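To keep things clear, I will list the structure first and then write my remarks on it.
Just so you know, these numbers come straight off a predicted model, no measurement behind them.
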Amino acid sequence: MKKQFLTASVLAAIGLMQAQAGTLDNGNLSISGFGTLGAAKSNTDDIQFVRYNQAVGVQDSPRIGLDSNLGLQASYQFNDMLSATAQVLTRKNTSPQFTTDLTWAFLKVKINDEISVRAGRVVLPVLAISDYQNVGYANTMMRPPIEMYGQMPLEGIDGADINYQHAFGDTNVTVQGFAGFAKGKLFISAAGLTAKNDTTAYGFSMSAEHGPVTLRVAHMSGNLTAVGIVPIDNLVKGLSASGFAQFGHDLELVKKRVNFNEIGLNLDWNNIVVQTEYTR
C-alpha cells in the first residue's frame with residue numbers, strides 16, 4: 001500500500017492548461033477571473049490521490065477534478081478610503097461534484113498609506129501562498145504539496161484583519177493581525193464522510209522583504225469544534241459505556257485548543273526562484 005501511495009502521489013499530469021481571464025475595469029468597478037484546467041491519473045484503482053480536504057481524487061483513469069477550478073472576483077472602489085471585494089471559486093472540494101464557494105467578501109478601509117483594515121470574509125494569512133494557493137498559474141509548482149498544505153484545511157475566516165506596511169531603509173516590513181470565526185466542512189477520508197467544523201481563530205503574520213529575499217513568520221491559535229465524525233463519536237460512546245467517560249470526553253473534538261506556526265523564506269533573483277517553508 002505504501003508503494004502504491006507513493007506511486008500515486010507522483011502523478012502523471014497528462015494535460016495542464018492554466019490561463020487568466022481578462023480584467024474588466026471601468027474606473028470604480030473591476031472584474032477579473034482566473035482558471036486552471038488540469039487532467040491527472042495514477043496507476044491504480046485501489047486508492048485515490050486527493051488534494052487536502054478533497055472528497056474525490058484520481059485513480060487509473062484521467063480525471064479533471066483534482067486541479068481544475070474557476071474563479072471570479074469583483075472589486076468596487078467607493079472612494080480613496082473605502083473599497084469592497086468579493087470572490088467566488090468553483091472546484092471539487094469536500095463534495096464529489098463541482099461546487100461554488102464564496103472565498104472572499106470584505107470591505108476595506110484605507111486609513112493611510114501604511115494602515116488598512118478589512119472586515120468580512122478574509123483568507124487566513126498563515127501560509128506563504130495563502131492569498132493565491134487556489135490560483136493555479138500563480139504557484140511556482142503545478143500543485144502545492146499536500147504534505148505541507150494539508151496541515152491547514154481552514155482557508156478563511158469571517159472576521160477582520162489589520163495590515164501595516166512600512167519601509168525601514170531598504171527593508172519593507174508588513175504586519176497583519178486577524179481574528180474571526182471559521183465555519184466549514186472537513187472531509188474524513190477514512191470514514192468517507194464530511195464533518196462540520198466551527199473554529200475561532202486569531203493570530204498574526206509578519207514579513208520582511210529586502211531586495212530579492214523575503215522572510216516571513218506566522219502564528220494562529222484557536223478553539224476547534226468538529227461534529228459528525230462517526231468513528232470518534234462511536235468510540236466516545238463505547239468508552240462512556242465502559243466507565244471511561246472522561247477519557248472519551250478528552251477524545252472529542254469540542255473546543256480543542258489548536259496552534260499553528262509557520263516560517264518561510266523566498267528568494268526571487270534574476271532567473272532563480274527559491275521557496276522554502278516550515279510549519280508545525
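- We find the CZ-CG distance between Phe34 and Leu72 to be 9.0 Å, quoted to the nearest 0.5 Å.
- Linking ILVMFWY residues whenever their side-chain heavy atoms come closer than 4.5 Å, directly or via other members, leaves Phe181 and Val117 in distinct clusters.
- Just one residue in the list Asp101, Thr103, Asn134 forms a side-chain hydrogen bond (donor to acceptor under 3.5 Å, both in side chains) with Gln87, and that residue is Thr103.
- With hydrogens and angles disregarded, no donor-acceptor distance shorter than 3.5 Å links the side chain of Gln54 to the backbone of Thr94.
- Inspection of the Tyr52 and Glu147 side chains reveals no N or O donor paired with an N or O acceptor under 3.5 Å.
- Placement of Leu224 and Phe178 within a single hydrophobic cluster is found when ILVMFWY residues are connected by side-chain heavy-atom separations under 4.5 Å, directly or transitively.
- Contact record, Thr171 with His210: OG1-ND1, 2.9 Å, taken as the closest heavy-atom pair.
- A donor and an acceptor atom, one from each side chain of Ser75 and Ser30, are nowhere located under 3.5 Å apart.
- When the side chain to side chain contact (heavy atoms under 4.5 Å, CB included) test is applied to Gln176, the partners found at least two apart in sequence or on another chain are Arg118, Pro125, Asp161, Asn163, Ser205.
- Scored by the ring-ring contact (aromatic ring centres under 6.0 Å, His included) test, Tyr76 finds Phe78 as partners (sequence neighbours excluded).
- At a threshold of 4.5 Å between side-chain heavy atoms, the hydrophobic network of Ile, Leu, Val, Met, Phe, Trp and Tyr places Met142 and Val50 in two separate groups.
- Counting only heavy atoms from C-beta outward, the side chains of Leu102 and Arg121 approach each other to under 4.5 Å.
- Nearest heavy-atom pair, Ser68 versus Phe98, reported as atom, atom and distance to 0.1 Å: O-CE2, 3.8 Å.
- Summarising the local packing, NZ of Lys183 is surrounded by 12 or fewer heavy atoms from other residues, nucleotides or ligands at distances under 6.0 Å.
- For Gln151, the side chain to side chain contact (heavy atoms under 4.5 Å, CB included) test picks out Met148, Phe260, Thr279, with sequence neighbours left out.
- Residue pairs meeting the salt bridge (charged side-chain N to carboxylate O under 4.0 Å, His left out) criterion with at least one member in residues 75-99, sequence neighbours excluded, are Arg91-Glu155.
- Minimum interatomic distance between Arg63 and Gly57 (heavy atoms only, all atoms of both residues): NH1-O, 3.3 Å.
- By the neighbour-count criterion of 12 heavy atoms within 6.0 Å, atom CE of Met152 is densely surrounded, having more than that number from other residues, nucleotides or ligands.
- Under the rule for a ring-ring contact (aromatic ring centres under 6.0 Å, His included), the partners of Phe168 that lie at least two apart in sequence or sit in another chain are His166.
- In this structure the side chain of Pro144 reaches within 4.5 angstrom of the side chain of Ile129, judged on heavy atoms.
- In this structure Gln246 satisfies the side chain to side chain contact (heavy atoms under 4.5 Å, CB included) test together with His249, Asp250, sequence neighbours excluded.
- Counting only residues at least two apart or in different chains, ring pair (Phe, Tyr, Trp, His ring centres under 6.0 Å) contacts with residues 139-158 are absent.
- Salt bridge present: Asp67 and Arg143 bring a charged side-chain N and a carboxylate O closer than 4.0 Å.
- Nearest approach of Asp60 to Asn43, heavy atoms of both residues: CB-C, 4.1 Å.
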* Could you give me the CA-CA distance, side-chain angles and deciding distance for Val173 and Gln165, then say whether side-chain contact (heavy atoms from CB on, under 4.5 Å) is met? => CA-CA 6 Å; Val173 175; Gln165 292 181 315; over 6 Å; no
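- Scored by the side chain to side chain donor-acceptor pair (under 3.5 Å) test, Arg257 finds Tyr202 as partners (sequence neighbours excluded).
- The structure places OH of Tyr164 at 7.0 Å from CD1 of Ile115, a figure rounded to the nearest 0.5 Å.
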* Using the side-chain hydrogen bond (donor to acceptor under 3.5 Å, both in side chains) rule, take Asn259 and Ser221 through it: C-alpha gap first, then chi angles, then the decisive distance, then the call. => CA-CA 5 Å; Asn259 290 286; Ser221 294; 2.7 Å; yes
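- Looking at heavy atoms from C-beta onward, Tyr132 lies in side-chain contact with Asn139 at the 4.5 angstrom threshold.
- Of the possible polar contacts, none joining the Thr200 side chain to the Gly222 backbone as a donor-acceptor pair under 3.5 Å is found.
- A heavy-atom distance below 4.5 Å is not found between the side chains of Tyr278 and Asn261.
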* To do: Give the C-alpha distance, both sets of side-chain angles, the deciding distance and a yes or no for side-chain contact (heavy atoms from CB on, under 4.5 Å) between Asn53 and Asn93.
  => CA-CA 6 Å; Asn53 212 23; Asn93 198 24; 4.1 Å; yes
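- Distance check: Asn79 CG to Asn28 CG gives 9.5 Å after rounding to the nearest 0.5 Å.
- For the residue pair Gln275 and Thr140, the shortest heavy atom distance occurs at OE1-OG1, 3.4 Å.
- Take Phe106 and apply the ring-ring contact (aromatic ring centres under 6.0 Å, His included) test, not counting sequence neighbours, and it matches Trp104.
- Atom OG1 of residue Thr174 and atom CD of residue Glu209 lie 8.0 Å apart, to the nearest 0.5 angstrom.
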* To do: Show the numbers, then the answer: is there a side-chain contact (heavy atoms from CB on, under 4.5 Å) between Val274 and Ile272?
  => CA-CA 7 Å; Val274 177; Ile272 299 174; 4.1 Å; yes
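- Listed by chain and residue number, Lys110 satisfy the side chain to side chain contact (heavy atoms under 4.5 Å, CB included) test with Asp113 (two or more places apart in sequence, or in another chain).
- One hydrophobic cluster, built from ILVMFWY side chains closer than 4.5 Å, cannot hold both Leu70 and Val135; they sit in different ones.
- Here the side chains of Asn223 and Val258 are not in contact, with every heavy-atom distance at 4.5 Å or above.
- With values rounded to the nearest 0.5 angstrom, Met81 atom CE is found 11.0 Å from Ser116 atom OG.
- Residue Asp45 holds its CG atom at 6.5 Å from OG of Ser61, rounded to the nearest 0.5 Å.
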Under 3.5 Å donor-acceptor pairs involving side-chain atoms of residues 234-244, not counting sequence neighbours:
residue	atom	partner	partner atom	Å
Asn234	ND2	Val230	O	3.4
Ser240	OG	Val236	O	2.9
Ser242	OG	Gly238	O	2.9

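- Residue pairs meeting the salt bridge (charged side-chain N to carboxylate O under 4.0 Å, His left out) criterion with at least one member in residues 258-271, sequence neighbours excluded, are Arg216-Glu262.
- Hydrophobic clustering (ILVMFWY, side-chain heavy atoms < 4.5 Å, transitive): Val273 and Trp269 are in distinct clusters.
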* To do: Would you please test Gln73 and Ile31 for side-chain contact (heavy atoms from CB on, under 4.5 Å) and show each step?
  => CA-CA 6 Å; Gln73 179 171 310; Ile31 299 176; over 6 Å; no
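- For the pair Thr90 and Thr99, the minimum side-chain heavy-atom distance is 4.5 Å or more.
- Across all non-hydrogen atoms, the minimal contact from Ile47 to Gln59 is O-CG, 3.7 Å.
- Residues Thr214 and Leu265 have side chains not in contact (no heavy-atom distance under 4.5 Å, counting atoms from C-beta outward).
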